[in-house]
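Presented below is the structure to which this report refers.
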Amino acid sequence: MKWTPWRTLPPPIPWTASTLRELLDGGQAFRWTETGGVWEGLWGCQVVRLRLSDGKLQWSAPAPAVPGTAGALRHYLALDPDWDAALDALPWRSDAVLAQAMQAWQGLRILRQPLDETLLVFLCSSTKQIVQIKQICADLAEALGGTLPGGYRTLPNWSVLHVADEATLRACRLGYRARYIKGTAAVLAEHPGWLDELDALPYADARARLMTLPGVGAKIADCVLLFGAGRLEAFPVDTWILKVMQQRYGLHGWKPEQVATFGRIHFGPLAGVAQQFLFADARKKSAARPTQ
DNA sequence: TGACAGGGGGTGT
DNA sequence: ACACCCCCTGTC
């Protein structure tokens, strides 16, 4: 398969290899793989390669190039010129823990992923690690997804999931999550536009509505809102963030739901972005101490 | 190389 | 609190 020549993607951002890894493979998205410094990934029907060259982000797509790919990529990666300026609204001046994490992970941001896909992949994510979630996504795409030029496979859409039998889903290593996906697919099939209607709702209502779906609790609802609906105030609390907030913010004994409320209040309208910085930092520190 | 625990970025009861 | 499913990982 032929690929377009590498092109630089503005704006200039102080990327490092580890920031790029955290962005593409740190738990926001599950369809990126790295080979020899080149990241290949897809979202929706877009297939793209990324690499770092001289600290600049470069991209390539299957040739012949489809017009608009660069724009779609900049949107997906949230490469808005004013992203960094917006981060000034985070309470880094009064929060040394956050300030340190933001310093260490400059350029990290929140991807803008398709809402329907985001719901699917996070429904697959409960008590699974990133490698396992990626494997499930790959299996789902292979078994039920669509084909793109070059043999790439999209994730199945919700109408396909609705008619798929549960055994097929279980063959994708979903385990008990297969039942949740069937249940959610039934709701979405019965009510066209269900997901789109989230846009009109305030954060709390959108979150509560998502939590009515089978298999969607507080954490997954917040992930879907943050990564798939641009709700940057969503503050997903998983076991990593729970540990960080207990240890670095002194919230010992707090329950996940209490920590989520604290996070939204303490960090404000960009709480989800703060969460991503803290999360990246926590994962790195844990990786540095395998025995811990 | 292969078998065997142990536990996992959560949800629902 | 505990079951839910099953797969990945570390270990012998």
Side-chain angles (χ1 to χ4, degrees), chain A residues 21-33 101 105 108 110-111 113 117-143 164-187 207-228 234-248 251 253-261 263 271-292:
Chain A
R21 170 174 300 280
E22 192 63 30
L23 176 67
L24 301 175
D25 203 20
Q28 295 192 49
F30 304 97
R31 303 221 65 203
W32 288 91
T33 54
W105 297 96
L108 185 61
I110 304 296
L111 298 175
Q113 304 180 65
E117 284 192 8
T118 309
L119 175 60
L120 175 60
V121 302
F122 280 96
L123 221 26
C124 300
S125 73
S126 65
T127 54
K128 288 284 179 201
Q129 297 186 341
I130 291 171
V131 275
Q132 298 173 285
I133 302 167
K134 287 172 77 171
Q135 185 59 251
I136 293 171
C137 288
D139 287 353
L140 279 172
E142 190 58 39
D165 48 290
E166 199 174 309
T168 305
L169 295 179
R170 283 183 179 262
C172 297
R173 316 176 209 212
L174 276 165
Y176 61 82
R177 300 158 197 81
R179 185 162 24 94
Y180 294 152
I181 286 174
K182 287 297 291 178
T184 289
V187 173
R207 184 182 197 252
R209 187 141 182 272
L210 274 168
M211 287 175 66
T212 64
L213 295 173
V216 179
K219 189 269 182 185
I220 290 180
D222 277 327
C223 286
V224 172
L225 288 172
L226 180 59
F227 303 128
F235 191 80
V237 175
D238 54 33
T239 59
W240 290 97
I241 285 297
L242 195 59
K243 273 182 206 156
V244 173
M245 299 306 287
Q246 287 177 345
Q247 291 171 8
R248 313 282 310 264
L251 308 186
W254 288 45
K255 297 189 173 67
E257 200 63 1
Q258 298 173 309
V259 172
T261 303
V273 186
Q275 183 266 7
Q276 209 55 31
F277 281 114
L278 297 174
F279 182 73
D281 229 37
R283 291 205 327 133
K284 169 142 195 194
K285 281 172 178 149
S286 156
R289 301 165 217 213
T291 54
Q292 234 305 10

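Order of the sequence lines fixes the chain letters, A, B, ..., with proteins taken first and strands second; residue numbering starts at 1 for each chain.
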Which part of the nucleic acid does A:L213 contact within heavy-atom distance under 4.0 Å: base, sugar-phosphate only, or nothing?
sugar-phosphate
With heavy atoms under 4.0 Å as the rule, sort A:P214 into base, sugar-phosphate or nothing.
sugar-phosphate
Give me the atom names and distance for the closest heavy-atom approach of A:L111 to A:A29.
CD1-CB, 3.8 Å
Rounding to the closest angstrom, what is the interatomic distance between B:dC4 and C:dC5 at atom P?
23 Å
Write down the distance separating the P atoms in B:dG6 and C:dA3, rounded off to the nearest Å.
15 Å
Is there a donor-acceptor pair closer than 3.5 Å between any side-chain N or O of A:K182 and the backbone N or O of A:A164?
yes
Which distance, rounded to the nearest 0.5 Å, do you find between the CZ of A:F279 and the CG of A:L108?
10.5 Å
Whichever of A:M211 and A:Q129 has the more 5' nearest nucleotide on DNA chain B, that residue is A:Q129
Over all strands shown, is A:G183 touching base, sugar-phosphate only, or nothing at heavy-atom distances under 4.0 angstrom?
nothing
Enumerate donor-acceptor pairs with a distance under 3.5 Å from any side-chain N or O in residues 215-227 of chain A to protein atoms, sequence neighbours excluded.
unit_1 : atom_1 : unit_2 : atom_2 : d
A:D222 : OD1    : A:Y203 : OH     : 2.5
A:D222 : OD1    : A:R207 : NE     : 3.1
A:D222 : OD2    : A:R207 : NE     : 3.1
A:D222 : OD2    : A:R207 : NH2    : 3.1

In terms of the nearest nucleotide of DNA chain B, which residue is placed more toward the 5' end: A:Q275 or A:G215?
A:Q275
Find out whether A:F235 and A:M245 are in side-chain contact, i.e. whether some heavy atom of one side chain is under 4.5 Å from a heavy atom of the other.
yes
List the residues meeting salt bridge (Lys or Arg N to Asp or Glu O under 4.0 Å) with A:E142, not counting sequence neighbours, and say none if there are none.
none
Trace of the side chain to side chain contact (heavy atoms under 4.5 Å, CB included) decision for A:R173 with A:Q132
CA-CA 9 Å; A:R173 316 176 209 212; A:Q132 298 173 285; over 6 Å; no
Measure the spacing between OG of A:S125 and CD1 of A:I136 and express it to the nearest 0.5 Å.
8.5 Å
Restricting to ring pair (Phe, Tyr, Trp, His ring centres under 6.0 Å), what partner residues turn up for A:F277, sequence neighbours left out?
none
Which atom pair, heavy atoms only, marks the closest approach of A:A282 to A:V244?
CB-CG2, 3.2 Å
With a 4.0 Å cut-off, would you call A:R283 and A:E22 a salt bridge?
yes
Classify the nucleic acid contact of A:R177 as base, sugar-phosphate or nothing, counting any heavy atom under 4.0 Å across all strands shown.
base
Can you give me the dot-bracket string for DNA chain B, 5' to 3', counting Watson-Crick and G-U wobble pairs with both distances under 3.5 Å, using [ ] for crossing pairs and | for partners on another strand?
.|||||||.||||
Reading DNA chain C 5' to 3', which nucleotide is the first, and which the last, to come under 4.0 Å of any heavy atom in chain A?
C:dC4 to C:dT9
Chain A footprint on DNA chain B, 5' to 3' - any atom under 4.0 Å from a heavy atom
B:dG8 to B:dG12
So what does A:A178 hit on the nucleic acid, given a heavy-atom distance under 4.0 Å: a base, only sugar-phosphate, or nothing?
nothing
